[in-house]
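Reading through the structure tokens given below for one structure.
Letters A, B, ... mirror the listed sequences (proteins, then strands); counts begin at 1.
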Amino acid sequence: MLGMTFVRAYGDGSLVRGMIVETEAYEDGDPACHAYRRRTQRNAVMFGDPGRLYVYQIYGMYHCLNVVAHPPGIPGAVLIRALALDRVPPGCRDPKPLHRLAAGPGLLCRVLGIGRQYNGWPLEPQRGESFWIEDKPKDWQGEWVQTTRIGLTQGVEIPWRWYLRDHGAVSRRG
DNA sequence: AATATGATGTAA
DNA sequence: TACATCATATTT
């Protein structure tokens, strides 16, 4: 998904695009995955159709955005950790430079107004508010770096974080 | 530059 | 009790 573009369409028809510059992956059998133990109300979307949004709240004040990645019945998702936005989203009051506005999973949800109301939403254009992902150009080139995931206490050693090398919108390097 | 802490809701 | 975070404060 690195290099692809996540698009947020608002009810008034305006769009904000963000190139995906940092991701993490979570799957069945992975102790850091919310679906590690069993299906619950919170993680149910991860057991459903791929290409839907899995949005959860974390630490009481942030949300994180994932894309369901496996066939129905097999939990797994990709956490979008950072986006390089093409413009300042409507209503944004964060004074940081554009390339830092979505540099982190909690930040990108906050600045794009993504909360649990979008849990389970399909990734496809539709009337009103919607979300989709656009492929990268055919000639697109980018070098990525693979590391361990951030903020975990379980599955710490699994190297399932990727980010675009030298991109300013990455939340942190290393 | 690295480390600590508080804000805060909800799932396990 | 722990947590897929972030901003701010404090210590190296």
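Nearest nucleotide to the Arg81(A) side chain, out of dT5(C), dC3(C), dG9(B): dT5(C). Comparing dT5(C), dT10(B), dA12(B) against the side chain of Arg37(A) picks out dA12(B) as the nearest. Of the listed nucleotides (dT8(B), dA7(C), dT10(B)), dA7(C) has the atom at the smallest distance from the side chain of Arg110(A). Distances from the side chain of Leu79(A) to the nucleotides dA4(C), dG9(B), dA12(B) place dA4(C) closest. Nearest to the side chain of Met61(A), among dA4(C), dG9(B), dT8(B), sits dT8(B). The side chain of Tyr56(A) lies closest to dA4(C), out of dG9(B), dA4(C), dC3(C). Taking every side-chain heavy atom of Thr153(A) into account, dC3(C) is the closest of dT10(B), dC3(C), dA12(B). Relative to the side chain of Asn43(A), the nucleotides dA12(B), dT5(C), dC3(C) differ in distance, and dA12(B) lies closest. Comparing dT10(B), dA4(C), dC6(C) by their closest approach to the side chain of Pro105(A) singles out dC6(C).
Looking at which nucleotide of DNA chain C each of Leu107(A) and Asn66(A) is closest to, the 5′-most match is held by Asn66(A).
Between the P atom of dG6(B) and the OH atom of Tyr62(A) lies a distance of 16 Å, rounded to the nearest Å. dT5(C) atom P lies 10 Å from atom CD of Glu22(A), rounded to whole Å. Distance, Arg39(A) CZ to dA12(B) C1': 17 Å, rounded to whole Å. In this structure, Asp30(A) atom CG and dA4(C) atom C1' are separated by 10 Å, rounded to whole Å. Separating the CZ atom of Arg93(A) from the P atom of dA7(C) is a distance of 16 Å, rounded to the nearest angstrom. If you take NE2 of His63(A) and P of dA7(B), they are 20 Å apart, rounded to a whole angstrom. Rounded to a whole Å, the CD atom of Gln41(A) is 11 Å from the C1' atom of dT10(B). The distance between atom CG of Asp94(A) and atom P of dC6(C), rounded to the nearest whole Å, is 12 Å.
If you check every strand for non-hydrogen atoms under 4.0 Å, Glu24(A) touches nothing. Within 4.0 Å (heavy atoms only), Arg42(A) reaches sugar-phosphate atoms of the nucleic acid but no base atom. Residue Gly106(A) is in sugar-phosphate contact alone, with no base atom involved, counting any heavy-atom pair closer than 4.0 Å across all strands shown. The residue Arg161(A) sits apart from the nucleic acid: no heavy atom pair falls under 4.0 Å.
For Tyr56(A) and His63(A), the gap between ring centers reaches or exceeds 6.0 Å. Ring centroids of Trp121(A) and Phe131(A) are separated by less than 6.0 Å, placing the two rings close together.
At most 12 heavy atoms of other shown residues, nucleotides or ligands fall within 6.0 angstrom of atom CD in Gln141(A).
By the 4.0 Å N-to-carboxylate-O rule, Arg8(A) lies close enough to Glu129(A) to be salt-bridged with it. Looking at Glu24(A) and Arg81(A), a side-chain N of the basic residue comes within less than 4.0 Å of a carboxylate O on the acidic one, giving a salt bridge. Under the 4.0 Å criterion applied to side-chain N and carboxylate O atoms, Asp94(A) and Arg100(A) are not assigned as salt-bridge partners.
In the interface, the side chain of His34(A) is paired with the base of dA4(C) through a donor and an acceptor atom under 3.5 Å apart. One cannot find a donor-acceptor pair under 3.5 Å joining the base of dA7(B) and the side-chain atoms of Tyr59(A).
Looking at Thr23(A), Leu79(A), Asp30(A) one by one, the single match for side-chain contact (heavy atoms from CB on, under 4.5 Å) with Arg149(A) turns out to be Asp30(A).
Rounding to the nearest 0.5 Å places CD of Gln117(A) at 11.0 Å from CG of Leu53(A). Taken to the nearest 0.5 Å, the CZ atom of Arg165(A) stands 13.5 Å off from the CG atom of Leu2(A).
In DNA chain C, consecutive stretches of 3 or more Watson-Crick or G-U wobble pairs with both distances under 3.5 Å are given as paired ranges: B:1-7 with C:5-11, B:9-11 with C:1-3.
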